Structures are given as structure tokens and as C-alpha cells.
Amino acid sequence: MSFNRKDILGLQEMSREEIEYILDTAVPFKEITLRPIKKIPTLRGKTVINLFYEPSTRTRTSFELAGKRMSADVINISTSASSIVKGESLKDTALTLQALGADVVIIRHGMSGAPHLVGQTIKAGVINAGDGTHEHPTQALLDLYTIREKKGQVAGLKVAIVGDILHSRVARSDIWGLTKMGAEVVVAGPNTLLPPELQSLGIKACTNVEEAIKDADVIQVLRIQQERQEKGLFPSLREYSRLYGINHERLKYAAKDVLVMHPGPINRGVEITPDVADSNQSAILDQVTNGLAIRMALLYLLAGGGGEV
């Protein structure tokens with residue numbers, strides 16, 4: 001199979017074969033990240049631009065490092081120090097980047113659908129690094145890669161996603177990716193943080209966390225934001241931790257070899273206890289390493305042309 005997409009906008013529009021192709025492409029890039037000398041000339045002469053309208057450490061640094069590891073020219077644009085604060089539209093910003101010779105634009109934006117607009121506007125490849133509450137495809141791809149690496153496969157596994165499903169673009173991309181790859185997905189959280197359309201996605205939703213993680217092979221824990229509590233969506237962070245926090249006592253309900261994951265950054269003691277986050281069952285740091293391999297693979301597929309890695 002060849003990869004013919006210009007943009008990576010979401011997993012909802014991808015086929016299982018495309019997802020598997022990306023995961024397979026990332027395998028040799030994972031090997032490169034573990035070498036003593038990690039630089040390769042694959043994207044020499046290519047220009048990669050990080051356009052982040054929202055704060056980000058993990059994702060932006062991961063994309064920046066991925067481009068530099070492949071010898072691309074990487075430019076980070078801070079929206080607080082650019083023409084955007086002067087009122088320039090997203091479309092005009094995208095056209096400016098195209099005129100500057102961008103080969104790939106990576107965009108994170110608070111508005112759902114913003115990367116799609118940029119993709120329709122410019123000829124360069126566009127990667128969605130998170131848009132509103134819509135999707136975060138590269139996070140879901142690295143999650144799938146981590147599960148496949150640790151468990152040998154994704155199909156047939158039970159995966160529980162616990163936390164703020166309503167506002168989470170990670171949860172949406174994970175749900176699309178996991179169901180397409182043949183996993184059973186169960187989500188859990190307070191009623192106020194569960195979107196009403198979940199049943200139509202073919203997954204089970206429950207408000208009891210023990211029921212959700214019973215016999216689960218993988219638990220994906222989502223970050224709880226303080227502003228959700230301030231809006232009255234749950235009583236307090238302490239109450240949330242008591243009812244939904246993942247601790248060693250709760251892990252007894254899951255499979256013995258359960259894999260615990262978290263997209264980061266972690267609120268220790270709120271959605272996950274420190275002893276679980278730092279345990280042998282945790283794959284949180286593996287997710288970070290695998291995210292670099294996935295993003296190298298995507299840059300290669302969009303800007304690197306054909307040929308072997």
C-alpha cells in the first residue's frame with residue numbers, strides 16, 4: 001500500500017489500512033530514536049512550520065525534534081509574537097506560510113475544524129496537532145503504536161478510557177482509532193463529562209469506573225482540568241479523585257497485566273496516583289518516546305517522498 005494523503009487531519013476519516021501503514025512506517029523511526037547518533041538526512045532542504053495557537057510542551061517539542069532529527073528546517077511560530085495578534089486571519093497566515101515555502105504546517109488551534117481550513121487553503125501538507133474538542137490524531141496514533149508494541153496487537157483488547165470524555169480531543173481520536181483497529185472500547189466518567197453521542201459510536205459508556213475497567217487490558221487516563229470543576233461539572237478535585245482516580249486498589253479490577261496510559265501532562269493525585277503513574281504497568285514515558293517516532297513517520301510520509309527509510 002502507498003500513502004496518498006496530503007494532510008493528517010483526523011482518524012475518523014482514515015481507514016484501518018492507513019492507520020496500520022503509519023504504525024508500520026514508525027517502527028524504523030523508533031529504532032533511529034534509540035541510536036547514539038539520531039540524525040538522518042531524510043528531510044534535508046524541507047521546511048516544517050509549527051503553528052500553535054494554544055500552549056503546548058509535549059506535542060510542539062515532539063514535532064520540532066522529529067523535524068530536526070530528519071534534518072528539516074523547523075520554524076516555531078508563537079501566536080503571541082506574530083501578526084496574528086494584529087488581527088491577521090487564519091487563512092492569510094496560512095497563505096503567508098505557503099509563500100515562505102513551507103512543506104509541512106503543523107497546527108494546533110482552539111477552534112474545531114481550523115486545520116481543515118488550512119489544508120484546503122494551501123498546497124503544503126497539514127498535520128492536525130489538536131483542534132478544539134474535535135481530534136488529536138497524532139496522540140491517538142502514538143497510543144495505538146504503544147498498545148501494539150506492548151500487547152502485540154490491538155484487535156480483541158478491552159480498552160477503558162477514564163475521565164473528561166466530553167471535552168477531550170484525545171478521547172475522540174482514540175475511540176475512532178481503537179474501534180477501527182478492532183478493540184472493545186469502554187469509557188467512564190461523571191455523567192456531566194460524557195457526551196450524548198457515545199452510543200452511536202458503538203462503544204459502552206458508564207459512570208462507574210470499576211465497571212469500566214473490569215478485565216481491561218489497557219486503561220487510558222485523561223487529564224482533568226481545574227476549569228471543569230470551576231464550571232460545576234463535578235463537585236471537587238478531591239471528590240473526582242475518590243470516585244474516578246486510578247489507584248492500585250482500583251487496578252485490581254483490571255487484567256493482571258493491564259497497561260496504564262496517560263496523554264500528559266499528569267495531575268498527580270487527581271486522575272492518577274503517583275505510585276500508579278511510576279509503576280511497571282505505566283507506559284506514560286513510552287508514549288512520549290513513541291510519539292517522536294510517529295511524528296517522524298508522518299513528516300516522512302507527507303514531505304519525504306517515496307523510497308525506503
Side-chain angles (χ1 to χ4, degrees), residues 10-12 14 19 58 130 132-148 150-151 153-225 228 233-234 240-241 243-247 250-251 253-255 257-267 270-273 276-277 281-284 286-288 290-291:
L11 266 58
Q12 182 178 1
M14 272 192 199
I19 293 170
R58 278 172 171 74
T133 57
H134 178 231
E135 281 218 49
H136 192 349
T138 63
Q139 179 67 47
L141 287 166
L142 73 88
D143 291 341
L144 291 168
Y145 185 100
T146 303
I147 294 169
R148 194 176 76 164
K150 297 288 185 182
K151 296 291 187 182
Q153 62 182 41
V154 178
L157 297 178
K158 178 181 178 180
V159 181
I161 305 175
V162 181
D164 182 0
I165 312 296
L166 179 64
H167 301 95
S168 175
R169 52 197 174 203
V170 173
R172 280 172 176 75
S173 287
D174 271 343
I175 289 167
W176 286 115
L178 287 163
T179 52
K180 287 182 181 184
M181 295 291 283
E184 175 195 352
V185 180
V186 181
V187 301
N191 248 329
T192 51
L193 297 179
L194 294 175
E197 74 272 11
L198 282 171
Q199 303 258 329
S200 64
L201 298 177
I203 63 171
K204 184 180 177 183
C206 47
T207 54
N208 182 287
V209 71
E210 286 85 2
E211 180 187 347
I213 67 175
K214 189 176 188 313
D215 301 323
D217 301 290
V218 181
I219 301 173
Q220 171 81 306
V221 188
L222 300 175
R223 183 167 64 96
I224 288 296
Q225 295 183 6
R228 308 295 178 228
L233 294 176
F234 54 89
Y240 180 89
S241 180
L243 293 173
Y244 294 97
I246 300 300
N247 51 41
R250 284 216 162 95
L251 285 187
Y253 289 89
D257 60 344
V258 64
L259 192 67
V260 179
M261 300 168 64
H262 192 302
I266 304 169
N267 288 318
V270 179
E271 68 264 7
I272 188 169
T273 55
V276 173
Q281 292 162 298
S282 169
I284 295 170
D286 296 294
Q287 288 173 273
V288 177
N290 293 337

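What you see is a predicted model, and the numbers here were worked out from it, not measured in a lab.
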- Message: If only side-chain N and O atoms count, and only distance matters, is there a donor-acceptor pair under 3.5 Å linking E271 with H262?
- Response: yes
How many angstroms lie between atom [atom1] of [X] and atom [atom2] of [Y], to the nearest 0.5 angstrom?
| X | Y | atom1 | atom2 | value |
| --- | --- | --- | --- | --- |
| W176 | M181 | CH2 | CE | 16.0 Å |
| L233 | Y240 | CG | OH | 12.0 Å |
| N247 | I272 | CG | CD1 | 9.5 Å |
| L193 | D164 | CG | CG | 4.5 Å |
| L222 | L166 | CG | CG | 11.5 Å |
| I213 | N208 | CD1 | CG | 9.0 Å |

- Message: I'd like to know if the side chain of S241 reaches the main chain of V270, judged simply by a donor and an acceptor atom lying under 3.5 Å from each other, with no hydrogens or angles considered.
- Response: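 At least one qualifying donor-acceptor pair exists.
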- Message: Determine whether a donor-acceptor pair (N or O, by modelled atom type, separation under 3.5 Å) exists between the side chain of R223 and the backbone of P263.
- Response: no
Is any side-chain heavy atom of [Y] closer than 4.5 Å to one of [X]?
| X | Y | answer |
| --- | --- | --- |
| L251 | I219 | yes |
| V186 | K158 | yes |
| N267 | Q225 | no |
| P265 | R58 | yes |
| Y244 | I224 | no |
| I175 | L198 | yes |
| D217 | L259 | no |

Can you see which heavy atom on [X] is nearest to which on [Y], and at what distance?
| X | Y | result |
| --- | --- | --- |
| S168 | A171 | OG-N, 2.9 Å |
| L194 | G189 | CD1-O, 3.6 Å |
| D257 | K151 | O-NZ, 2.6 Å |
| I246 | V276 | O-CG2, 3.9 Å |
| I266 | A277 | CD1-CB, 4.3 Å |
| I19 | G177 | CD1-CA, 4.3 Å |

For residues 135-143, which side-chain donor-acceptor pairs fall under 3.5 Å, sequence neighbours excluded?
{"from": "E135", "atom 1": "OE1", "to": "L11", "atom 2": "N", "distance (Å)": "2.8"}
{"from": "E135", "atom 1": "OE1", "to": "S173", "atom 2": "OG", "distance (Å)": "2.5"}
{"from": "E135", "atom 1": "OE2", "to": "L11", "atom 2": "N", "distance (Å)": "3.2"}
{"from": "E135", "atom 1": "OE2", "to": "Q12", "atom 2": "N", "distance (Å)": "3.0"}
{"from": "H136", "atom 1": "NE2", "to": "R108", "atom 2": "NH2", "distance (Å)": "3.1"}
{"from": "T138", "atom 1": "OG1", "to": "R295", "atom 2": "NE", "distance (Å)": "3.4"}
{"from": "T138", "atom 1": "OG1", "to": "R295", "atom 2": "NH2", "distance (Å)": "3.0"}
{"from": "Q139", "atom 1": "NE2", "to": "D143", "atom 2": "OD1", "distance (Å)": "3.0"}
{"from": "D143", "atom 1": "OD1", "to": "Q287", "atom 2": "NE2", "distance (Å)": "2.8"}
{"from": "D143", "atom 1": "OD2", "to": "Q220", "atom 2": "NE2", "distance (Å)": "2.8"}

- Item | Within residues 171-189 or reaching into it, pairs that qualify as salt bridge (Lys or Arg N to Asp or Glu O under 4.0 Å) - sequence neighbours excluded |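 Listed once each, the pairs are R172-E197.
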- Item | Worked check of side chain to side chain contact (heavy atoms under 4.5 Å, CB included) between L178 and V154 | CA-CA 7 Å; L178 287 163; V154 178; 4.0 Å; yes
- Message: For D286, is there an ion pair with K150 - N to carboxylate O distance below 4.0 angstrom?
- Response: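 Yes.
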